[in-house]
Structure formats: structure tokens, C-alpha cells
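Here's the structure, in C-alpha cells; my notes come after.
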Amino acid sequence: MIDLHSHTNESDGSCSPEELIAEAVRTGVGRLGITDHDTFAGYDQALQAAARSGVELICGIELSTRLHDHSVHLLGYFSETAGLEAFRGWVLDLQASRRERNVRLAGRLRELGFDITVEEAEARGRGMTGRPHFAQIMLEKGYVSNLRQAFDEYLDESAKGYVYRREPSFAEGVQQIREAGGIASLAHPIRVAGDVAGMMPELCAAGLSAIEAYHSDHGAEETEYYEGLAKQYGMLVTGGSDFHGAMKPEVRLGTGYNGNLHVPEDVLVGMREYWGVERETLNAESRRSGEKKRALS
Ligand code: AMP
Ligand code: ZN
Ligand code: FE
Ligand code: FE
């Protein structure tokens with residue numbers, strides 16, 4: 001079995017990278033993509049365990065980007081981890097801006113009279129600390145009676161405790177992934193606000209290379225629909241469960257909700273072809289720019 005969308009506790013999953021590999025072995029997922037939010041830390045730590053257990057690991061990431069004032073998740077898949085230095089640097093900058101936002105958010109909540117520190121939030125969320133962790137603390141300290149209230153009154157974009165966080169635009173995310181030789185795939189399109197079909201020309205122009213047609217949130221009709229869109233625009237399809245472990249226990253690795261997910265093996269065939277062609281193109285470009293530099297000097 002193949003599953004190209006999963007999370008470890010380096011973002012918002014509950015399994016450590018080693019536990020996720022054990023889960024892949026247990027459920028019969030032989031090819032696994034780890035796509036933590038805005039970090040490669042889970043993938044990096046899973047490499048050894050994967051090699052020991054014979055699970056083929058695919059290097060991935062899930063970026064939060066902005067498109068028309070909405071948050072859109074974008075998956076990036078890479079054939080090899082060599083050559084990702086610049087992209088990894090860009091991802092570290094994203095983490096730094098999240099950390100800096102969290103410091104300001106804690107300050108804002110204190111201004112509003114709550115006893116909350118950024119350290120408390122980070123003890124829960126580590127590298128992926130965000131508003132949900134602040135909401136949990138507010139609930140535990142009795143400042144709100146449920147998480148919903150924490151967001152509605154304080155943390156939502158329209159609420160009084162909100163502080164701005166820089167998120168890359170969708171186009172910037174796509175461009176960064178592609179410059180690193182990766183495949184940029186639109187994650188769980190069913191969750192995208194607005195009409196995806198209508199947005200396709202724009203997404204295509206931004207350089208999107210794939211659509212996640214297979215996802216636990218998609219029924220058979222939706223999968224077929226998004227596959228059709230991908231085909232129409234000459235894009236690849238990708239797929240995975242979006243496994244989060246105990247954070248979302250109904251979703252199983254490899255098979256989704258009650259076995260509703262089945263990612264065909266040949267999804268990876270298309271991805272491998274793409275990586276091969278892309279590598280040639282990037283090499284040719286760097287050869288050309290090298291020649292240009294030599295010609296100018
Ligand atoms: P952050 O990345 O820290 O800005 O937090 C974003 C996360 O907060 C999202 O992934 C959601 O899980 C959660 N979130 C954002 N807005 C709301 C809302 N209005 N109600 C509930 N959860 C929300
Ligand atoms: Zn997640
Ligand atoms: Fe997502
Ligand atoms: Fe995800």
C-alpha cells in the first residue's frame with residue numbers, strides 16, 4: 001500500500017517519527033510520504049527507522065499558504081534530499097516568523113488580562129506551536145468554556161486578540177517547491193474555499209503540478225472529479241490519508257475513514273517521471289546560466 005500524506009508529532013500528529021514507521025509496517029503501507037506542516041523534522045528523524053523496516057520514505061512537506069485571503073494547504077514532494085538546502089532555509093524562515101508571531105500573541109493575550117506565556121504554549125506545540133495551543137491553555141485556565149469561544153472571541157482573524165502572521169502566498173509556495181525540484185500538489189482540494197475548477201487556470205499559471213485527488217475526505221465522486229481536473233490541466237495526481245494518529249483517530253494510515261481511501265501505486269510512477277524530467281531541466285538551466293556567467297566574464 002501507498003500513502004503520501006501523513007503527520008508526525010513534529011507537527012500536529014500524535015506519533016513520533018519512529019511510531020509512524022511502526023504504524024506503516026503494522027498497516028502494510030510500504031511507501032510512505034511524511035508531510036508535516038512547515039517542517040522536515042519528522043521526515044529526517046524517520047529515515048533510520050524506515051531503512052531498518054524496509055519502508056520506502058517519500059520526502060514531503062505541507063505548507064500553509066494564502067490564496068485570495070484564505071488558507072490553502074500545499075504539498076511538496078521531493079525525490080532526493082540533496083539540493084534542498086535553499087528550500088530548507090526558506091522553511092526555517094517560516095518557522096522563525098511563526099515563533100515571532102507567538103511571542104506577540106502571548107503579549108497580546110496578557111494585555112487582555114490572561115496569564116499566558118509563549119513557553120507554556122511551546123511546551124505543547126513545540127516547532128508547530130500555534131493558536132490551537134493557546135486556545136487549549138485558555139480553556140484549561142478557565143478563561144473560556146470551550147475552544148470555539150477561544151477562537152471566536154480572541155484568536156480568530158476577526159477577534160480582538162488576533163495578531164498577524166506572515167504566510168507565504170500560494171504562488172510563492174509553489175515557486176519555492178519547484179525551484180527545489182519538487183512536485184507542488186494542491187492538498188485536499190475539497191477543503192479549498194471557493195470553486196477549484198474556476199481557480200484552475202490561476203493555479204496552473206502559478207506552476208501547480210499536481211492535485212491530491214485521493215484523500216480521506218474525498219468520496220469516490222470527488223476523487224474522480226479532481227482526477228478529471230488534473231487530467232484537463234495536464235497535472236499529476238497524488239494521494240494520502242492525512243493521518244494524524246490519535247489527534248484524528250478515525251483516519252487510518254493507508255486506508256482513511258473505514259477503508260474509503262485507496263491510492264493507486266501508479267501515482268508514484270507519474271511522480272518519478274516528473275522528478276526525472278525536472279532534474280534534467282534544472283540541470284540544463286544551471287548549465288546555461290553557468291555558460292552565461294562564463295561568457296560575461
Ligand atoms: P496558526 O497556524 O497558529 O495561525 O493556527 C491555525 C490553526 O488554528 C488552524 O490550522 C486551525 O486548526 C485553527 N483555527 C484557525 N481559525 C480557527 C477558528 N476560527 N476556529 C477554530 N480553529 C481555528
Ligand atoms: Zn495537520
Ligand atoms: Fe492540510
Ligand atoms: Fe495534512
Side-chain angles (χ1 to χ4, degrees), residues 3-15 20 32-40 42-43 58 60-67 69-77 91 94-106 108-109 116 118 121-122 124-139 144 146-168 170 173 184-193 211-212 214-218 238-245 247-248 250-253 256-257 261 263:
D3 188 333
L4 298 179
H5 191 155
S6 68
H7 296 270
T8 74
N9 62 3
E10 286 295 335
S11 65
D12 58 351
S14 68
C15 297
L20 180 62
L32 175 71
I34 296 185
T35 51
D36 276 316
H37 297 281
D38 302 324
T39 179
F40 286 115
Y43 168 82
I58 290 105
I61 197 160
E62 183 170 18
L63 302 174
S64 299
T65 71
R66 302 297 292 182
L67 181 64
D69 255 349
H70 291 289
S71 179
V72 170
H73 287 178
L74 180 65
L75 295 161
Y77 292 107
V91 168
L94 292 182
Q95 286 165 21
S97 77
R98 168 175 287 279
R99 156 89 208 182
E100 182 265 336
R101 187 282 313 261
N102 288 339
V103 170
R104 282 185 291 119
L105 177 55
R108 176 72 188 132
L109 293 173
I116 292 180
V118 73
E122 282 176 346
R124 293 151 199 260
R126 302 196 292 156
M128 262 302 292
T129 300
R131 284 178 286 161
H133 304 102
F134 285 92
Q136 266 171 19
I137 296 171
M138 293 178 79
L139 177 62
V144 290
N146 54 55
L147 296 173
R148 174 83 195 242
Q149 190 194 354
F151 271 96
D152 286 353
E153 289 182 21
Y154 303 105
L155 300 170
D156 186 72
E157 273 180 41
S158 60
K160 55 178 174 270
Y162 182 76
V163 299
Y164 172 80
R165 168 162 86 89
R166 192 193 89 82
E167 276 181 303
F170 179 81
S185 182
L186 182 66
H188 38 68
I190 193 150
R191 292 194 209 154
V192 173
I211 299 180
E212 190 180 40
Y214 298 87
H215 186 273
S216 305
D217 286 356
H218 295 171
T238 67
S241 63
D242 212 349
F243 179 75
H244 281 79
M247 303 294 176
K248 247 185 175 183
E250 326 78 51
V251 174
R252 300 291 169 78
L253 195 67
Y257 292 104
L261 179 80
V263 185

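Heavy atoms only: backbone and side chains are in, while hydrogens, waters and symmetry mates are out. Counting starts at 1 for both ligands and their atoms, in listed order.
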_Please check this pair: side chain of H73 against backbone of S71, looking for a donor-acceptor N/O pair closer than 3.5 Å._
no
*With respect to the Fe ion (ligand 4), what is the nearest N, O or S atom of E62?*
OE1
_Is it true that, when you exclude R148 itself, more than 12 heavy atoms of the residues, nucleotides or ligands shown sit nearer than 6.0 Å to its CZ?_
no
*asked:* Minimum distance, heavy atoms only, to atom 20 (N) of ligand 1: which one of F134, F151, Y162 is it?
replied: F151
*asked:* Protein heavy atoms near atom 10 (O) of ligand 1, is at least one of them under 4.0 angstrom away?
replied: no
*Could you tell me whether a side-chain N or O of T65 sits under 3.5 Å from a main-chain N or O of P168, the two making a donor and an acceptor?*
no
_Nearest option to atom 8 (O) of ligand 1, as decided by whichever heavy atom of S158, A150, P132, S71 sits closest_ = P132
*Just wondering, are more than 12 heavy atoms of other shown residues or ligands nearer than 6.0 Å to CZ in R101?*
yes
*asked:* Any donor-acceptor pair under 3.5 Å linking the side-chain atoms of D3 with those of S241?
replied: yes
*Salt bridge between R99 and E122, side-chain N to carboxylate O under 4.0 Å?*
yes
*Protein non-hydrogen atom below 4.0 angstrom of atom 15 (C) of ligand 1 present*: yes
_Can you classify the ring geometry of F40 versus Y43 as parallel (below 30°), tilted (30 to 60°) or perpendicular (above 60°)?_
perpendicular
*Can you tell me if an N/O/S atom from D242 lies under 2.8 Å from the Fe ion (ligand 3)?*
no
*asked:* Can you check the angle at the Fe ion (ligand 3) formed by ND1 of H73 and NE2 of H188? Round it to the nearest 10°.
replied: 100°
*Options R165, M128, R101, Q149, ranked by nearest heavy atom to atom 3 (O) of ligand 1, top entry*: R101
_Which of the ligand 1 atoms, numbered from 1, are nearer than 4.0 Å to a heavy atom of G130_ = 3 (O)
*Tell me, which protein residue and heavy-atom name are nearest atom 5 (O) of ligand 1, and how many Å apart are they?*
R131 NE, 3.5 Å
*Return the minimal non-hydrogen interatomic distance between V192 and L186, and the atom names on each side.*
CG2-CD1, 4.1 Å
*Three-point angle H5:NE2, the Fe ion (ligand 4), H7:NE2, rounded to the nearest 10°*: 100°
*Quick one: look at R98 and ligand 1, take heavy-atom pairs under 4.0 Å, and tell me if it's side chain, backbone, both or neither.*
side chain
_atom 19 (N) of ligand 1 [closest protein heavy-atom partner, distance rounded to 0.1 Å]_ = D156 OD1, 2.9 Å
*asked:* Can you tell me how the ring of H215 sits relative to the ring of H5, calling it parallel under 30°, perpendicular over 60° and tilted otherwise?
replied: perpendicular
*the Fe ion (ligand 4) to H244: any N/O/S contact under 2.8 Å?*
no
